[in-house]
Engineer: 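Got a structure here, written out as structure tokens. Questions coming.
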Protein chains: 2
Amino acid sequence: MRVAAQAEFAKRGFAGASVDKIAAAAHVNKAMIYYHFSSKAALYREILRDMFQAVGRRARAVAESNEPPADKIGLFIEAIAAEADARPHFPPIWLREVAEGGTHLDATVLRDITGVVQSLAAIIDEGVRRGRFTRVNPVLIHVSIVAPLMIHFGSRGLRERLERHGLRGAGTTPPALIEHLRRVALGLLEGRT
Amino acid sequence: MRVAAQAEFAKRGFAGASVDKIAAAAHVNKAMIYYHFSSKAALYREILRDMFQAVGRRARAVAESNEPPADKIGLFIEAIAAEADARPHFPPIWLREVAEGGTHLDATVLRDITGVVQSLAAIIDEGVRRGRFTRVNPVLIHVSIVAPLMIHFGSRGLRERLERHGLRGAGTTPPALIEHLRRVALGLLEGRT
DNA sequence: GTCTATAAATAGATAGAC
DNA sequence: GTCTATCTATTTATAGAC
């Protein structure tokens, strides 16, 4: 039921998602959905909470681990990528919420999102204190990591479409992207640029 | 009428957009929309074509200009940013289409999107031939530039929401982002990393 | 070209039997 | 907990007068 809802919201967005379709895909009666959740919006909110809570926790775990700052940067990138890979609905929903101005995000979710940025900022701060990093605006590092990851993992359908229409493959694999982003982030933070 | 439609599609997505609302915002009768466009989908398609054609042309103009490759990279970034800044509906619609797998993009639009990537690839190629750049996967450079730009310019509403909920400002201005992306791209291409 | 009125389908949500 | 049936609102789209 939740899985069906996640897929439907990812595929069509909140407005486009149909409770009838969710019920059909989950092989349950539509009335059952309203028995468990008070409304379509409430169901969506629960999915958003699960999603961002999981990401927030993972980012926090990386920031609080005992690795050197440079390794933490790599682990941060891998954590977001792993989350995007394991939950295919996550990147599309994330992209749609950005586009919509976060209309459906409640205070809990906004805290989790803030937490991700703060976790990254804490890693950078630690690196600066230890003399490993030069100070760079964490928001810029964040957007340079998270935006490509979300776009990449959220654009599977579009990339297939483009390739079917003749864009030469140039297939970028997740490991190659992760390695690329690590190079970008560390290149900036370790001042090799 | 087109402007109202662009705003509505950007705000609510294709499924969420209402022809009634577009008509009201444009101060025209709803029947007039169906007089000029055969359907809601056709209206949306025209907006998508305008949008991607404009971006494709700008990217192509940069690639075909007579600047040194390193300057072209900067101009490419500025061109996408200028387009995103001048057309506020562009980034949200772009993000939504990515999330939706490009369902509404016809062959014309797919060609324009391909063209943007190819323009960037041509710039990189030129730099490599002239011994200025090391060879890097153009798709990786592309996603490192375009994803942050679309996310940044498309997330104005979300960022306002986050700041209202207490995320410390760290306001990133468009010029700072552009300079940052130039450093990222040239750092990779000029092999300083 | 511009309008009113309305058709036809689908949406979210609920009442009430079991 | 689970189902059928249904209410109400909204949607895209069109017919037809002017």
Side-chain angles (χ1 to χ4, degrees), chain A residues 1-52 89 92-97 99-109 157, chain B residues 1-51 89 92-97 99-106 108-109 157:
Chain A
M1 192 153 140
R2 288 178 109 93
V3 183
Q6 290 166 348
E8 173 75 2
F9 285 126
K11 190 173 178 189
R12 297 181 223 274
F14 175 75
S18 144
V19 179
D20 282 290
K21 285 210 178 69
I22 293 172
H27 302 291
V28 301
N29 192 283
K30 178 170 63 163
M32 277 307 295
I33 292 182
Y34 286 100
Y35 175 75
H36 286 289
F37 305 92
S38 61
S39 68
K40 176 183 168 184
L43 167 57
Y44 187 53
R45 264 198 308 275
E46 286 223 14
I47 289 171
L48 290 175
R49 282 191 199 189
D50 285 355
M51 215 173 83
F52 286 103
H89 62 280
I93 291 179
W94 190 92
L95 292 174
R96 288 186 202 270
E97 280 307 314
E100 204 144 326
T103 324
H104 307 95
L105 310 178
D106 58 23
T108 308
V109 171
Chain B
M1 191 153 142
R2 289 179 108 93
V3 183
Q6 291 166 346
E8 174 74 2
F9 285 127
K11 190 173 179 189
R12 295 182 224 274
F14 176 75
S18 145
V19 179
D20 281 293
K21 284 210 178 70
I22 293 172
H27 302 291
V28 301
N29 191 282
K30 178 171 59 162
M32 275 309 294
I33 291 181
Y34 286 99
Y35 176 76
H36 286 290
F37 305 92
S38 60
S39 68
K40 178 184 167 183
L43 168 57
Y44 188 52
R45 264 199 307 276
E46 286 223 13
I47 289 171
L48 290 174
R49 282 192 198 190
D50 285 354
M51 217 174 83
H89 62 281
I93 291 179
W94 190 92
L95 293 173
R96 286 186 204 270
E97 280 308 312
E100 205 145 326
T103 324
H104 306 95
L105 310 178
D106 59 23
T108 308
V109 171

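Throughout, a chain's letter reflects where its sequence line sits, starting with A, and its residues are numbered from 1. Values below: every heavy atom of this structure, side chains too, minus hydrogens, waters and symmetry copies.
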Engineer: From B:Arg2 CZ over to B:Asp50 CG, what is the distance, rounded to the nearest 0.5 angstrom?
Structural biologist: 5.0 Å
Engineer: Nearest-Å distance, CD1 (B:Ile22) to P (D:dT10)?
Structural biologist: 17 Å
Engineer: Using whole Å, what does the distance between atom P of nucleotide C:dA11 and atom OH of A:Tyr44 come to?
Structural biologist: 18 Å
Engineer: To the side chain of A:Ala31, which of C:dG12, D:dT4, C:dT4 is closest?
Structural biologist: D:dT4
Engineer: Mind calculating the distance between NZ (B:Lys40) and C1' (D:dT10) to the nearest angstrom?
Structural biologist: 11 Å
Engineer: Grab the CG-C1' distance between A:Asn29 and C:dA17 for me, whole Å please.
Structural biologist: 13 Å
Engineer: Among D:dT4, D:dT12, C:dT2, which is the nearest nucleotide to the side chain of B:Met32?
Structural biologist: C:dT2
Engineer: Listed in order of residue number, which residues of residues 5-18 of chain A have a non-hydrogen atom at under 4.0 Å from DNA chain D?
Structural biologist: none
Engineer: It should be established whether A:Tyr34 places a side-chain nitrogen or oxygen under 4.0 Å from OP1 or OP2 of nucleotide C:dT14.
Structural biologist: no
Engineer: If we ignore hydrogens and angles and just use 3.5 Å, is the side chain of A:Glu8 paired with the main-chain N or O of A:Ser18 as donor and acceptor?
Structural biologist: yes
Engineer: Heavy-atom nearest nucleotide on DNA chain D for A:Lys30 versus A:His36: which residue maps closer to 5'?
Structural biologist: A:His36
Engineer: Over 60° means perpendicular and under 30° means parallel, so classify the ring planes of B:His104 and B:Tyr44, tilted if in between.
Structural biologist: perpendicular
Engineer: Once you round it to whole Å, what is the distance between P of D:dA5 and CG of A:Asp20?
Structural biologist: 15 Å
Engineer: Could you measure the distance from the CZ atom of B:Arg12 to the NZ atom of B:Lys21? Nearest 0.5 Å is fine.
Structural biologist: 4.5 Å
Engineer: With the side chain of B:Tyr35 defined as its heavy atoms from C-beta on, choose the nearest nucleotide among D:dA13, C:dG1, D:dT2.
Structural biologist: C:dG1
Engineer: Would you give the length of the straight line joining atom OG1 of A:Thr103 to atom CZ of A:Phe14, rounded to the nearest 0.5 angstrom?
Structural biologist: 10.0 Å
Engineer: Would you mind reporting whether B:His89 and B:Met51 have side-chain heavy atoms less than 4.5 Å apart?
Structural biologist: yes
Engineer: Atom CZ in A:Phe37, atom CD1 in A:Ile47: separation rounded to 0.5 Å?
Structural biologist: 7.0 Å
Engineer: Distance check needed: C:dG12 C1' versus A:Phe37 CZ, whole Å only.
Structural biologist: 16 Å
